[in-house]
Each structure stands twice: as structure tokens, then as C-alpha cells.
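This report refers to the structure that appears directly beneath it.
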2 protein chains.
Amino acid sequence: MTVLSARSEDYLKAIYKLQAERKVVRVKDLASVLGVRSPTVVGVISGLKDSGFVDQEHYGYISLTTRGEDLAKFLVLNEDLLKKFFEEILSLTPDEAGVNACSVEHYITPTCRERFVSFIRFLEVCGRGSPKWLDHFRHFVLTGEPPPCDRCGDLLSGEEGKCEKH
Amino acid sequence: MTVLSARSEDYLKAIYKLQAERKVVRVKDLASVLGVRSPTVVGVISGLKDSGFVDQEHYGYISLTTRGEDLAKFLVLNEDLLKKFFEEILSLTPDEAGVNACSVEHYITPTCRERFVSFIRFLEVCGRGSPKWLDHFRHFVLTGEPPPCDRCGDLLSGEEGKCEKH
DNA sequence: TGTCATTGTTAGCCCCGCCTATTTTTGTTA
DNA sequence: TAACAAAAATAGGCGGGGCTAACAATGACA
């Protein structure tokens with residue numbers, strides 16, 4: 001079981017995404033989205049071909065093998081998941097959430113990943129969209145102040161959701 | 001403003017931590033905690049000396065410059081923060097939380113970091129320790145089931161904290 | 001069908017972070 | 001104080017992932 005570098009995983013993800021939106025993937029496209037020059041792409045792709053993640057004929061288009069696609073799917077799934085967390089929980093902009101997700105994705109352990117999954121699912125299953133605490137948290141992020149009491153509007157200082165009086 | 005590689009940051013953090021617990025830091029110590037050989041340490045340290053983060057006399061002990069200490073402090077703070085999140089929110093073991101924090105720390109953007117800070121502070125300020133939703137989430141992680149209703153113990157399926165009846 | 005722009009490849013270089021083998025320095029101790 | 005063990009430094013090599021410059025293949029079009 002070949003273990004890829006973070007950078008190689010980026011290439012795999014990029015191929016996967018390009019393939020989804022553009023049908024064919026060229027060296028030039030990859031270079032452009034990854035912010036590198038063509039020869040760099042050729043070098044990395046050559047390694048990915050050797051380890052069986054990528055197919056390409058000489059001077060031809062780039063595509064993922066079954067193996068490559070399975071891995072890419074998994075990686076992109078994780079990335080999307082993290083992006084969702086950064087965007088919906090931490091209220092980052094879509095762009096910044098994406099940047100963070102893309103780089104962080106490589107480095108979390110499987111259990112950690114599972115916990116992020118659980119966190120998101122918890123919100124969906126048990127919070128019905130946007131639970132109160134999450135609204136409170138967003139308020140806190142924006143203003144730096146504790147959220148107002150549900151009943152009277154005073155700032156919270158007692159238990160969760162409650163002010164001094166309630 | 002020199003930008004350090006993730007790996008160099010690891011070296012800086014390691015020096016900082018060793019210095020805190022052991023007073024003097026030797027090449028050998030760093031090699032041991034970072035899992036590399038001495039010449040590797042010598043090489044990286046040499047770079048950190050050039051960029052003014054580290055002091056060391058020939059064949060002598062390693063120490064941080066003021067600049068190096070400031071940066072290391074910042075990095076370790078971020079790492080601890082993330083560790084706290086992984087441990088207390090996602091319920092990872094201390095070890096696994098540490099591993100994830102150490103690697104993820106390098107890659108999040110400043111705003112993202114601030115949001116993690118906010119998240120932790122939110123819990124402290126507004127949740128008074130362990131808010132209900134966090135207990136519910138922990139339950140969800142362990143069992144995969146929605147948490148029980150506060151009032152009757154039925155599984156939740158309505159609003160947050162409420163079952164069908166309540 | 002021949003020409004030429006576009007694109008992919010090769011060659012050859014660099015830096016980083018790792019290694020082993022070897023040498024130098026240090027400090028302890030007989 | 002001379003010898004020796006331990007630790008640090010140097011020399012030199014390797015792979016990954018960048019780069020530029022030069023070259024080869026492709027395909028579109030006159």
C-alpha cells in the first residue's frame with residue numbers, strides 16, 4: 001500500500017475535481033490550478049503513474065485509475081467535510097474554509113476525521129439545522145460578547161442560555 | 001520576515017518545550033524527541049541560526065533567541081489550543097489530540113485559528129464548563145444514537161434537547 | 001499537405017530534510 | 001595530563017518537489 005505525500009494527494013484531488021467539471025485533464029490545467037509549471041506536473045504525474053493512481057498516454061490526457069479515483073474520492077470527501085465544518089461552525093468564508101480544509105485534510109488522523117464527521121452529523125440529526133448554541137456562538141464570534149438571554153435579552157452570565165435572573 | 005517551513009517550526013517548538021522542562025537543550029535531545037538523527041538536527045538548526053531564531057556556540061547548547069522564543073511561544077500556544085479542541089470537543093485521547101494538533105497547527109490560517117480560540121472561549125464563557133449540547137454530542141459520538149430527551153429520556157427527534165413529546 | 005503555435009517532455013539545476021560514515025571537539029577520569 | 005567515550009560537526013548521498021531552457025509532438029489551418 002503506497003503512501004502518498006501531501007503534495008501528491010493534492011495532485012490527485014485536483015485531477016478528480018477537474019475531471020468532474022471538464023471531462024479531460026491536461027498537464028497545463030493541473031499546472032494552472034496547482035500554481036506550478038508544467039515540468040513540475042509532469043514529474044509528479046510520472047510518480048503517480050508508477051504507483052498506479054494515474055493513467056496517461058504519451059502527450060495525452062491525464063486520468064485516474066480506479067485505484068486513483070477511489071483514493072481521490074475519499075480525499076475530496078474529507079476535504080468537503082472539513083470545509084463544511086470551517087464554514088458552518090467557525091463561520092469562515094467559503095474561500096478561506098476551502099483553503100484550510102485543503103491543507104488540513106492531509107494531516108488529521110482517521111479517528112479525528114471520524115469525529116469531525118460525527119460533529120457535522122450531530123448538528124444535522126440532533127440540531128435540526130441551526131441549534132441555539134450555534135447561533136449564540138456566531139453572535140459571540142462577531143461581537144466578542146456573550147449572547148443575549150433568550151427570555152429578557154440581558155447578556156448571559158449564568159448557565160447556558162440563561163442570564164442572572166433566569 | 002522569514003517564513004519557516006512546517007518542519008522548522010516543529011524544531012522551534014521542540015526546543016521551546018525542552019527548554020521549559022530541562023533547562024539546557026542539546027542536539028542529541030532534539031534528535032531524540034523529533035525522531036531524527038543528529039546530523040539532520042545540525043542541518044536544520046544551522047538554518048534557524050542563520051535566520052536568527054536560535055543561538056548556539058560551536059559544540060555547545062542550543063537556545064532560542066528572543067525572536068525565536070516569541071515565535072515558539074505563539075506556535076505552542078496554537079498547538080495547545082487545537083489540542084484542547086480535539087480533546088475536549090472531539091473527545092480524542094490526549095495523545096491523539098496532541099498528534100493532530102501538532103501537525104494541523106502549521107496549516108490553518110490566522111482567522112481560522114482565531115475562530116478556534118473563540119470556540120473554546122465560548123465554551124468557557126457561555127457554557128460554564130460542559131454545556132448540554134456538548135454532553136449530547138459526546139453521547140452521540142460514543143453510541144451513534146441521538147441523545148436522550150432531558151425530560152423523559154426518549155431519543156431526540158424534535159428540536160434540540162427535545163423529544164417528540166416535549 | 002506543410003507550417004506553426006500550443007502543449008508536453010527532457011535535461012539539468014536548486015533547496016529542503018532526511019540518511020550513513022567519518023572526523024573533530026569536549027569533558028571526564030585514570 | 002593522556003586517553004577515551006560521548007556528543008557535535010562535516011562530507012557526501014538520496015528523493016521530493018520546485019524551477020528554466022531547450023526540444024519534440026500534436027493538431028489546426030492556410
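Just so it is clear: chains get the letters A, B, ... in the order the sequence lines come, proteins before strands, and each one is counted from 1. Everything quoted here is computed from the prediction, not taken from an experiment.
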State whether B:Tyr11 places a side-chain N or O below 4.0 Å from either non-bridging phosphate oxygen (OP1 or OP2) of C:dC18.
yes

Decide salt bridge (Lys or Arg N to Asp or Glu O under 4.0 Å) for A:Arg26 and A:Asp29; before the verdict, give the C-alpha distance in whole Å, the side-chain angles of both, and the deciding distance to 0.1 Å.
CA-CA 5 Å; A:Arg26 283 163 304 192; A:Asp29 302 327; 3.3 Å; yes

Is a donor on one side and an acceptor on the other found under 3.5 Å between the side chain of A:Glu87 and the backbone of A:Ser91?
no

To the nearest Å, how far apart are B:Ile45 CD1 and D:dA7 P?
17 Å

In this structure, how many angstroms lie between the C1' atom of C:dT9 and the CD1 atom of A:Ile62, rounded?
12 Å

In terms of relative ring orientation, are A:Phe140 and B:Phe122 parallel, tilted or perpendicular, with 30° and 60° separating the classes?
tilted

Using side-chain contact (heavy atoms from CB on, under 4.5 Å) as the criterion, point out the one residue from A:Lys73, A:Lys13, A:Arg113 that pairs with A:Asn78.
A:Arg113

So, does B:Ser8 get its side chain near the phosphate of C:dG17, meaning an N or O under 4.0 Å from OP1 or OP2?
yes

Using a heavy-atom distance cut-off of less than 4.0 Å, which residues of residues 37-44 of chain A contact DNA chain D?
A:Arg37, A:Pro39, A:Thr40

Under-4.0 Å side-chain N/O to phosphate OP1/OP2 contact, B:Gln56 with D:dA7:
no

Distance, rounded to the nearest Å, where B:His58 contributes NE2 and C:dT23 contributes P:
16 Å

Report the distance from atom CG of B:Leu30 to atom C1' of C:dG17, rounded to the nearest whole Å.
15 Å

Taking atom C1' of C:dG27 as reference, at what distance in whole Å does atom CZ of B:Arg26 sit?
13 Å

Under the side chain to side chain donor-acceptor pair (under 3.5 Å) rule, what pairs show up with a residue in residues 58-69 of chain B, not counting sequence neighbours?
B:Thr2-B:Arg67

Below 4.0 angstrom, N of the basic side chain to O of the carboxylate: do A:Arg7 and A:Asp10 qualify?
yes

Can you tell me how the ring of B:Phe85 sits relative to the ring of A:Phe119, calling it parallel under 30°, perpendicular over 60° and tilted otherwise?
tilted

Check: C:dT24 base within 3.5 Å donor-acceptor of B:Tyr59 side chain:
yes

Please check if atom CD in B:Glu21 has more than 12 non-hydrogen atoms from other residues, nucleotides or ligands closer than 6.0 Å.
yes

To check you understand the geometry: which heavy-atom pair defines the closest contact between A:Tyr11 and A:Thr40, and what is its length?
OH-CG2, 3.6 Å

How many Å lie between OH on A:Tyr61 and P on C:dT9, as a whole number?
13 Å

Rounded to the nearest Å, what distance is computed from the CZ atom of residue B:Arg7 to the C1' atom of nucleotide C:dC15?
17 Å

Could you list all N or O pairs between the protein and nucleotides 2-6 of chain C that sit under 3.5 Å apart?
none

Could you state the atom-to-atom distance from CG of A:Leu34 to C1' of D:dC19 in whole Å?
16 Å

